[in-house]
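Worksheet for the structure shown next.
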2 protein chains.
Amino acid sequence: MKVLLVEDDQFHASYMEDVLVESLPEVTQIFHAVNGLEAEREARVMAIDAVVMDLRMSQRNGIEAAQTLWQERADTRILFWSNYADEAYLRGISAIVPEDSAYGYLLKTAPRDRLKLALRAVLVEGQIMVDREIHRLQRRTASPRNTLDDSEFAVLVDLGLGLQDRMIAERRGMSLRTVQNRLLSLYDKLGVEDATDGDTPINKRVRALNRALVTRTLNVETLETAERDFEQWQAGRA
Amino acid sequence: MKVLLVEDDQFHASYMEDVLVESLPEVTQIFHAVNGLEAEREARVMAIDAVVMDLRMSQRNGIEAAQTLWQERADTRILFWSNYADEAYLRGISAIVPEDSAYGYLLKTAPRDRLKLALRAVLVEGQIMVDREIHRLQRRTASPRNTLDDSEFAVLVDLGLGLQDRMIAERRGMSLRTVQNRLLSLYDKLGVEDATDGDTPINKRVRALNRALVTRTLNVETLETAERDFEQWQAGRA
DNA sequence: AGGTCTGTTGCGGGTTCCCGCAACAACTCT
DNA sequence: AGAGTTGTTGCGGGAACCCGCAACAGACCT
């Protein structure tokens with residue numbers, strides 16, 4: 001069994017390599033890449049179907065690389081291994097994981113045996129495994145029932161790009177007023193409160209983006225890839 | 001000489017400890033903290049004046065902790081050691097570094113001898129030292145002469161919090177129109193372009209925040225601490 | 001002193017945004 | 001079937017925003 005390890009931090013990389021050889025005797029070869037582009041090349045050339053993937057990397061981040069890997073080979077098993085419990089990452093991953101594949105999401109702070117367990121569960125057994133820490137974080141925030149549904153999230157991303165209501169409506173195929181309704185519920189769920197009392201009045205749009213970032217509903221990587229998606233969408237209609 | 005090492009990643013911490021004992025024989029004791037709060041306590045109790053500080057940590061980030069340390073003891077020497085070449089961090093640091101102190105900013109990707117050099121220069125010799133990588137990144141962006149001056153940056157931060165023009169004007173002691181002029185030049189320098197041709201119209205305010213984040217002029221930590229500063233400012237005037 | 005440059009401020013108007021109100025469709029429950 | 005719930009859409013108005021125009025002050029140069 002060949003494993004591709006995608007990780008730009010040398011300490012984490014050598015630790016992971018260590019754990020890999022210790023816990024998975026099935027592994028015969030370990031390849032190495034330090035960013036998404038290298039990962040895609042390596043996986044293609046070496047016909048890899050088991051990957052341990054860091055998320056935040058220069059050049060091309062883990063989610064984008066994973067998307068390519070899965071396009072070329074839908075049964076690739078990928079364990080994402082990240083420093084951050086951002087809801088944005090998990091959302092990005094579940095949006096692209098193919099039907100018949102396996103993945104896992106583990107925090108780098110996870111203890112060694114949990115890491116071993118996850119490696120076996122995902123890479124060998126082909127299970128889905130998500131660090132409990134992330135689900136926990138996903139639920140806890142201020143206002144009640146604050147989980148965004150997919151269409152709300154889509155509008156949030158477009159808002160974050162700086163698009164105007166009309167353009168969002170066009171892109172997502174809703175009416176202008178519907179977009180604004182989505183924004184309303186976004187403001188609600190993200191805790192964007194207008195100062196009804198003597199408090200500070202705010203710019204809701206910017207505030208929504210601020211809140212989304214601070215609560216880790218959105219992160220900068222997500223914005224960057226969303227930008228590319230948008231440009232692509234825009235190019236494909238002239 | 002006592003050194004306080006503030007770092008939440010165990011691998012990086014043990015690596016740094018290693019380099020410390022190898023390169024600085026004057027070091028007699030190394031204390032350890034995993035977040036800003038612990039760092040403040042430890043520094044106070046142990047009377048520390050030399051610190052190696054990670055930036056991104058839970059609880060309380062490195063810049064906030066440094067501010068406290070410098071308030072209590074203005075000659076503390078701090079080497080910031082970070083994964084990120086964000087202009088935002090450097091700006092946050094230079095805003096709080098006292099007259100008669102020394103600091104350094106080094107990336108974690110720096111090779112071992114540069115690290116040794118920085119440790120000696122900052123902690124022992126009391127020099128200022130900034131990784132060249134960061135200055136380089138600071139200059140390269142799209143539009144010409146795009147370095148923000150302090151007042152532009154202040155407005156940018158307030159914008160990022162979601163404040164309205166009127167409130168920014170009040171807080172920064174400018175007229176409303178002046179704030180808007182600052183915004184104008186911000187839009188220019190950040191490359192926020194309205195679609196004069198048949199292109200996509202945008203919401204400039206949100207777009208400005210987006211650009212600032214993507215170019216690493218601003219980061220989420222900055223927004224979080226700015227939020228606290230703002231609340232404090234607001235509380236101090238009833 | 002005269003001239004230019006840069007930064008601040010007021011005014012006014014066009015645009016976008018926020019959102020209450022109301023009509024309507026689809027779906028659920030009794 | 002009737003009543004209530006939820007999501008979509010149009011209309012309209014008040015607030016905030018973007019910004020051109022112009023007046024003015026201070027700094028610097030000749």
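Lettering follows sequence order; numbering is per chain, from 1. Model, not experiment: these values are computed from the prediction.
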Between D:dC19 atom C1' and B:E193 atom CD, what is the distance in whole Å?
17 Å
Integer-rounded Å distance: D:dG7 P and A:L186 CG:
14 Å
Would you mind reporting whether B:D158 and B:F230 have side-chain heavy atoms less than 4.5 Å apart?
no
In whole angstrom, give the distance that lies between atom CG of A:L176 and atom P of D:dG12.
15 Å
Write down the protein N/O and nucleotide N/O pairs, taken from nucleotides 25-27 of chain D, whose separation is under 3.5 Å; answer none if there are no such pairs.
none

5' to 3' on DNA chain C, which nucleotides open and close the contacts with chain A (atom under 4.0 Å from a heavy atom)?
C:dT16 to C:dC21
Assess whether a salt bridge exists between B:E224 and B:R56, defined as any Lys/Arg side-chain N lying under 4.0 Å from an Asp/Glu carboxylate O.
no
B:R182 CZ to D:dC18 P, straight-line distance once rounded to whole Å:
16 Å
Taking CD1 from A:I202 and C1' from D:dC17, how many angstroms apart are they, rounded to a whole number?
15 Å
Check the pair A:N181, A:M174 against side-chain contact (heavy atoms from CB on, under 4.5 Å), reporting the backbone distance first and the verdict last.
CA-CA 11 Å; A:N181 279 336; A:M174 319 175 189; over 6 Å; no
Taking the nucleotide of DNA chain D with the closest heavy atom to each, which residue, B:N203 or B:N181, is nearer the 5' end?
B:N203
Checking all strands, does B:Q180 fall into the base, sugar-phosphate, or nothing category for heavy-atom contacts under 4.0 angstrom?
base
Where is the tightest heavy-atom contact between B:V51 and B:L123, given as atom of each residue plus distance?
O-CD2, 3.7 Å
Whole angstrom is fine here: how far is it from CG in B:L163 over to C1' in D:dA16?
14 Å
Any Lys/Arg nitrogen of A:K108 or A:D54 sitting under 4.0 Å from an Asp/Glu carboxylate oxygen of the other?
yes
Shortest non-hydrogen separation from B:A39 to B:V6 and the atoms involved:
CB-CG2, 3.6 Å
side-chain contact (heavy atoms from CB on, under 4.5 Å) partner of B:V52, the single match among B:L119, B:L4, B:V122, B:I78:
B:L119
Here the distance between atom P of D:dC18 and atom CG of B:D188, to the nearest Å, is 15 Å
Less than 4.0 angstrom from a charged side-chain N to a carboxylate O is my criterion; do A:R207 and B:E227 meet it?
yes
Before you tell me yes or no, could you show the steps for B:T225 and B:I63 under side-chain contact (heavy atoms from CB on, under 4.5 Å), namely the whole-Å CA-CA distance, both residues' side-chain angles and the distance that decides it to 0.1 Å?
CA-CA 9 Å; B:T225 68; B:I63 294 186; over 6 Å; no
